[in-house]
K.L.:
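Just passing along the structure, written as structure tokens.
Throughout, protein chains are lettered first and strands after them, A, B, ... in sequence-line order, and every chain is numbered starting at 1.
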There are 2 protein chains.
Amino acid sequence: MHDTLRINGDRLRHRLSELGKIGALPGGGVCRLALTDEDRQGRDTVMGWMRELGLEVTVDAMGNVFGLRRGTEDGPPVMTGSHIDTVRTGGLYDGSLGVLGGLEAIETLNDAGITTRRPLCVAFFNNEEGARFAPDMMGSLVYVGGMSLEEAMATEGIDGKTVGECMQAIGAQGDAPVGHPDVHAFIEIHVEQGPVLEESGITIGAVEKVQGISWTEFTLTGTSNHAGTTPMRLRHDAGYVAMATAGFVRDLATRLGGDQVGTVGALEIGPNLVNVVPDQARFTVDLRNTDNDRLQQAEWQLHEFITQLAEREGVTVERRQLARFDPVPFDPEMVDRVEKAARDHGLSVMRMPSGAGHDAQMLARVCPTSMIFVPSVDGISHNIDEYTAPEDLEAGANVLLQVLLDLAA
Amino acid sequence: MHDTLRINGDRLRHRLSELGKIGALPGGGVCRLALTDEDRQGRDTVMGWMRELGLEVTVDAMGNVFGLRRGTEDGPPVMTGSHIDTVRTGGLYDGSLGVLGGLEAIETLNDAGITTRRPLCVAFFNNEEGARFAPDMMGSLVYVGGMSLEEAMATEGIDGKTVGECMQAIGAQGDAPVGHPDVHAFIEIHVEQGPVLEESGITIGAVEKVQGISWTEFTLTGTSNHAGTTPMRLRHDAGYVAMATAGFVRDLATRLGGDQVGTVGALEIGPNLVNVVPDQARFTVDLRNTDNDRLQQAEWQLHEFITQLAEREGVTVERRQLARFDPVPFDPEMVDRVEKAARDHGLSVMRMPSGAGHDAQMLARVCPTSMIFVPSVDGISHNIDEYTAPEDLEAGANVLLQVLLDLAA
């Protein structure tokens with residue numbers, strides 16, 4: 001119907017660049033932690049743009065912001081969006097692309113004088129990154145009813161202040177109620193934050209699912225001994241058990257294959273001296289899979305390995321679960337729509353999982369959902385060197401426009 | 001000849017306890033770092049005891065102290081001794097037993113009115129621990145001509161002061177020249193600092209050799225990536241290479257067997273976050289063997305392993321050799337004498353290597369040398385919980401007396 005409609009890439013990049021000036025870091029990148037003064041400036045700027053585009057702006061009690069464009073009919077809107085908060089050393093596109101890509105689609109429709117049948121809505125959700133207040137995706141979690149507003153408000157941040165206090169301080173709280181939203185469908189465009197698209201030479205990722213996450217912290221206690229005078233058979237080396245487990249995590253991920261990944265990202269040993277057998281080790285294991293059965297299998301094998309090795313070595317193990325999320329499958333029809341829109345635009349496309357968390361996985365609880373990924377150069381993410389080529393930003397926003405038109409028709 | 005002569009265990013323990021009061025730590029143990037004021041008090045106390053026992057005290061330009069007891073003939077003395085400096089959290093016996101065990105043997109001979117044919121000498125060497133000034137065993141190294149006095153004096157400590165300055169400050173420098181000593185034989189009694197004697201239920205270790213030491217620090221650089229979005233095959237995980245190498249070091253030591261030990265005692269990774277693939281890792285490998293060929297073989301296998309693994313992973317490796325000492329074999333006849341003396345006293349005895357460094361390994365360069373080990377409870381060393389049972393201290397000192405009599409006859 002509107003096959004020849006294209007977004008304006010320069011305009012999209014201009015807005016991304018303007019928003020990136022708020023909280024800009026000296027060496028590049030941006031720091032716009034949730035509910036800081038920089039976040040407030042960002043919120044005001046984006047709400048200003050929404051109003052300029054004729055959207056009806058509402059803010060809910062959780063600080064989630066919605067810009068509504070009416071359709072020819074009433075009813076639940078087709079929603080797109082993401083977040084505008086960043087980590088401490090964030091890039092220009094993580095989150096912002098999903099919000100400003102949505103606004104660019106709206107402006108393209110405005111310019112073309114097109115009114116869709118269903119209403120359209122561009123949203124940005126509060127505190128997606130979780131870099132100041134855990135958990136991440138808090139705004140969308142509250143929006144879909146997964147966490148109470150009261151609990152969210154009472155959450156204490158890394159600086160000791162609560163979400164409620166900080167929302168008060170920057171005036172982020174709106175008067176719309178939260179919860180039980182009626183949304184026709186949700187589609188989010190986001191940078192991949194990984195290297196798969198770039199490495200495959202493909203422009204568009206049609207996101208099928210979000211990986212489940214299992215984070216465990218292990219604390220091991222052995223016996224500190226002289227590295228020269230203690231024969232191998234008499235050691236209780238906590239460092240060795242930790243490091244051998246890290247080797248096992250790699251083997252496990254390789255052996256299970258598929259989407260399985262496994263990472264030992266944090267490890268500290270004590271007393272941490274060249275000639276002393278470590279009696280202390282603390283380390284984390286991050287396991288992810290899009291299939292919950294296989295994720296549980298990975299967790300079980302890890303458990304068995306470290307239990308047996310620690311027993312053999314005479315080292316005690318304490319476990320603490322830091323996080324556990326089940327995988328989230330997206331709606332197959334929605335994924336098809338993304339794939340089709342990319343093909344219709346002559347763009348290369350692949351189905352893929354998301355290895356990171358996104359607001360879309362919360363929205364998937366209440367409506368058909370999918371995501372559009374564009375390539376991240378070198379897979380760099382949460383880093384001032386995050387980068388996506390201009391033509392990829394533009395291609396992704398065109399796919400978004402097409403999917404919105406398709407859903408709202 | 002003097003088979004029934006026995007040292008006085010109470011007197012030995014009393015001197016150990018008195019010396020242990022100098023630099024005593026609130027929770028037990030002692031801090032008497034080389035060339036501190038506590039070290040000076042310790043030196044004064046022990047030199048006082050030497051004079052009380054009628055020994056002729058000389059101090060060389062390196063601060064090594066010698067107490068000579070004349071024999072019926074002149075000529076090179078039979079020497080015993082060790083050190084009185086400690087690590088920051090040392091025990092009462094490490095070093096002190098070797099010096100005060102020697103004095104106890106002298107007092108026993110005095111009481112019995114025995115004059116040996118050869119002179120006897122009890123020595124304590126400056127800065128054995130190396131906890132303030134590297135390298136360790138500095139005093140005995142200079143004594144045997146392995147390091148120049150000038151180099152030793154210019155050595156800067158962890159607090160920025162030089163050995164020379166600190167010797168000046170506490171008046172530790174004597175007027176006897178250093179170097180090229182004429183010693184008939186050297187025997188040192190020391191706590192094992194390892195668990196082997198206790199675990200074997202044996203009282204005396206006849207030390208055959210000191211392990212060679214190879215310390216290497218590896219610095220690895222990979223690429224920092226998102227732990228969720230980066231497939232295993234696209235990772236350059238510096239932490240993984242480090243930890244897998246730690247697993248290899250254990251396998252290597254177990255496979256080579258014999259005296260081979262291998263330890264990864266220090267490891268740090270960066271950025272050290274649960275969900276980020278580490279791009280930085282720095283760790284140390286401590287390899288020891290009493291056989292230099294096998295030690296070189298272990299070094300080579302380690303080199304091959306990490307080179308190949310790092311290349312496969314796309315991680316760069318920098319190496320820095322922190323220490324490399326060849327193994328030191330002791331004189332077989334001296335070892336026989338220790339073994340025989342223990343048997344003559346009805347004590348259980350085993351031949352064993354030393355996994356730690358000792359002044360005796362320096363003396364072995366200039367004269368026939370061996371050591372007598374007594375058990376360390378739980379193998380604990382360089383720790384305020386270092387402990388050796390009173391009867392074991394006494395048994396060891398009796399063996400020392402017997403070996404001295406044997407050598408000086």
Side-chain angles (χ1 to χ4, degrees), chain A residues 192-196 199 211 213 215 217 223-232 234-235 237 239-240 242-247 249-250 253-254 259-269 271-278 284 286 288 322-323 354-357 376 378-383, chain B residues 192-196 199 211 213 215 217 223-232 234-235 237 239-240 242-247 249-250 253-254 259-269 271-278 284 286 288 322-323 354-357 376 378-383:
Chain A
E192 179 196 342
Q193 303 183 266
V196 174
E199 209 243 352
Q211 289 188 329
I213 297 182
W215 284 1
E217 180 187 76
T223 307
S224 166
N225 279 123
H226 191 296
T229 63
T230 314
M232 303 314 288
L234 296 180
R235 297 188 176 201
D237 185 337
Y240 164 66
M243 298 180 209
T245 303
V249 166
R250 167 63 67 98
T254 310
D259 296 328
Q260 181 67 50
V261 287
T263 308
V264 173
L267 182 141
E268 275 159 9
I269 59 173
N272 205 32
L273 296 169
V274 57
N275 60 344
V276 179
V277 176
T284 59
D286 174 323
R288 307 196 193 197
L322 300 180
S354 170
S376 294
D378 290 336
I380 292 168
S381 165
H382 287 183
N383 186 299
Chain B
E192 181 198 339
Q193 302 181 268
V196 175
E199 209 243 351
Q211 289 186 330
I213 297 181
W215 284 1
E217 181 188 76
T223 307
S224 167
N225 280 121
H226 192 296
T229 61
T230 314
M232 303 314 289
L234 297 179
R235 297 187 176 203
D237 185 337
Y240 164 67
M243 297 181 211
T245 303
V249 166
R250 168 63 68 97
T254 310
D259 295 328
Q260 181 68 50
V261 288
T263 308
V264 173
L267 182 141
E268 275 160 8
I269 59 175
N272 205 33
L273 297 170
V274 58
N275 60 345
V276 179
V277 175
T284 58
D286 174 323
R288 307 196 194 197
L322 301 180
S354 171
S376 294
D378 289 336
I380 291 169
S381 165
H382 287 182
N383 186 298

K.L.:
What residue in A/Thr230, A/Thr223, A/Leu322 has the most heavy-atom pairs under 4.5 Å with chain B?
P.N.:
A/Thr230

K.L.:
Find the one option among B/Glu199, B/Glu268, B/Gln211 whose heavy-atom pairs under 4.5 Å with chain A are most numerous.
P.N.:
B/Glu199

K.L.:
Between B/Arg235 and A/Val261, is there a side-chain heavy-atom distance shorter than 4.5 Å?
P.N.:
yes

K.L.:
When only pairs under 4.5 Å are counted, which of A/Ala246, A/Gly357, A/Gly265, A/Pro278 shares the most heavy-atom pairs with chain B?
P.N.:
A/Gly265

K.L.:
Once rounded to the nearest 0.5 Å, what's the spacing between atom CD of B/Glu192 and atom OG1 of A/Thr229?
P.N.:
6.5 Å

K.L.:
Do A/Asn275 and B/Arg288 have side chains that approach each other closer than 4.5 Å (heavy atoms only, starting at C-beta)?
P.N.:
yes

K.L.:
Look at B/Asp286, B/Asn383, B/Asp378 and state which one has the largest set of heavy-atom pairs under 4.5 Å with chain A.
P.N.:
B/Asp286

K.L.:
Run the side-chain hydrogen bond (donor to acceptor under 3.5 Å, both in side chains) test against B/Asn225 and tell me which residues pass, sequence neighbours left out.
P.N.:
none

K.L.:
How far does CD1 of B/Ile269 sit from CD1 of A/Ile269, to the nearest 0.5 angstrom?
P.N.:
10.5 Å

K.L.:
Can A/His382 and B/Val276 be said to form a side chain to side chain contact (heavy atoms under 4.5 Å, CB included), step by step?
P.N.:
CA-CA 10 Å; A/His382 287 183; B/Val276 179; over 6 Å; no

K.L.:
Side chain, backbone, both or neither: which part of B/Gln193 has an atom under 4.5 Å from a heavy atom of chain A?
P.N.:
both

K.L.:
If you round to the nearest 0.5 Å, how far is NE2 of B/His226 from CD1 of A/Ile380?
P.N.:
13.5 Å

